[in-house]
Amino acid sequence: MILRFGYVSTALSLWEASPSRTLTFTNWKKLDENTCNEKLYAATEQNLRNTIRALHYNIAHGFHLYRMSSSLVPLATHPEVRWDYLTPFGHLFKEIGDLIKNSAMRVSFHPSQFTLFTSPKEPVTENSITDMIYHYNMLRAMEVHGDATINIHIGGAYGDKEAAISRFDHNFNKLNPSIRKQTTLENDDKTYTAEETLQVCEQHSLPFVFDYHHHLANPGNEEFADLLPRLYATWQETNKTPKFHLSSPRSATVFRAHAEYVDLDFALPFINTLKSFGQSADIMIEAKSKDKAALKLVEELSKVRGFKRIDGGTIMV
DNA sequence: ACCTGTCAAGTCTGG
DNA sequence: CCAGACTTGACAGGT
């Protein structure tokens, strides 16, 4: 079995490589039209070029898994701004897509926690739809929209989880089917446990992204190992390797916060459970030190008996 | 060159 | 019912 590792957004090993440069609405309002446009264009171009740099870096280091920044286009979804980023930057999105396809990179987006389909407030759902369309538009401009995924959480509980999930069922179906098809759901660290998220995934035929750190923070009644058959089943139709998230708690007291690196001893029970299950897995590292943390974990893991590094970001078990 | 406050978003808690 | 906490990288503005 193969374990592939990836990281999120910024390759910290590269100089000045943020793909998330932005312009806030407050500052946008202060500027005249020309300056606004200049700033929006400059930030977007840099973000896209830094995404290209990250992809080259990934290829060079053997990372086959990468989560792109959700902040590639500043103010793309703001109702008072909403500018056309696809026409002027189509060629860069295309270049990114070509790079992804040529290198068989597995990419995804992860909209923020404000994109959710459980809210009783209509405008919240509308904003979430707008945000999902924004992410999907970018994937389409890259021409990877049939392959790349958009990962979200279920949302809030509002004191009544059952009612909230009914709203999810209703609101999520307002999305275009082709967007729904690329969506994955992840268990969160406070509200929806792995088992609850898995149920919703099964209901909507969505792949389930299991986050180990969230699971320990919000475990519910189920053991990770017991969920694996159902979890893998949600990916069956996609022909993709199931995807997992892995991070370490910053400390026992600030358990939910992410640490700089992934502690090997923290990660081993998770990795060993996957090993016992015996099927390949793609693991997204969500640590403050990003690519450096992913490389460090792979390095440390390769020294454990039974794990062989076959590539910068890949382990054979 | 650094530090501090502000910015976006929605939910949840405490008062 | 309302204010503040939560979260996080980036940026503006001040020193």
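In the text below, chain A, chain B and the rest are named by the order of the sequence lines, each starting its count at 1.
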In whole Å, what is the span from the [atom1] atom of [X] to the [atom2] atom of [N]?
X         : N       : atom1 : atom2 : result
His153(A) : dC12(B) : NE2   : P     : 14 Å
Leu75(A)  : dC11(C) : CG    : P     : 12 Å
Trp28(A)  : dA12(C) : CH2   : P     : 16 Å
Tyr158(A) : dT11(B) : OH    : P     : 4 Å
Lys190(A) : dT13(B) : NZ    : C1'   : 9 Å
Asn27(A)  : dA10(C) : CG    : P     : 16 Å
Asn47(A)  : dA10(C) : CG    : C1'   : 11 Å
Leu116(A) : dC12(B) : CG    : P     : 9 Å

Does a nitrogen or oxygen in the side chain of [X] sit under 4.0 Å from OP1 or OP2 of [N]?
X         : N      : value
Ser9(A)   : dG9(C) : no
Arg256(A) : dC6(C) : no
Thr22(A)  : dC7(B) : no
Thr26(A)  : dA8(B) : yes
Lys288(A) : dG9(C) : yes
Thr24(A)  : dA8(B) : yes

side-chain hydrogen bond (donor to acceptor under 3.5 Å, both in side chains) partners of Lys290(A), counting only residues at least two apart: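 Once residues adjacent in sequence are excluded, Lys290(A) has no partner under the side-chain hydrogen bond (donor to acceptor under 3.5 Å, both in side chains) criterion.
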Lys181(A) NZ: over 12 foreign heavy atoms closer than 6.0 Å: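 Count not over threshold, so no.
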Thr10(A) or Lys30(A), whichever maps to the more 5' nucleotide of DNA chain C: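 Taking each residue's closest nucleotide, the earlier one in sequence belongs to Thr10(A).
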Ionic contact status for Glu80(A) with Lys29(A), cut-off 4.0 Å: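 Answer for the salt bridge query: no.
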Evaluation steps, salt bridge (charged side-chain N to carboxylate O under 4.0 Å, His left out), between Asp282(A) and Arg4(A): CA-CA 5 Å; Asp282(A) 281 352; Arg4(A) 304 192 302 176; 2.8 Å; yes
Sugar-phosphate, base or nothing in reach of Lys39(A), heavy atoms under 4.0 Å: sugar-phosphate
Sugar-phosphate only, base, or nothing, as touched by Ala257(A) at under 4.0 Å among non-hydrogen atoms: nothing
Euclidean distance for P, dG9(C) against dT11(B) (whole angstrom): 22 Å
Nearest-angstrom distance, P atom, dT6(B) to dG4(C): 13 Å
Ser18(A) side-chain proximity, nearest of dC12(B), dT11(B), dA10(C): dA10(C)
Test applied, ring-ring contact (aromatic ring centres under 6.0 Å, His included); reference residue, Phe277(A); option that passes from Phe270(A), Phe244(A), Tyr232(A), Phe224(A):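 So the option named by the test is Tyr232(A).
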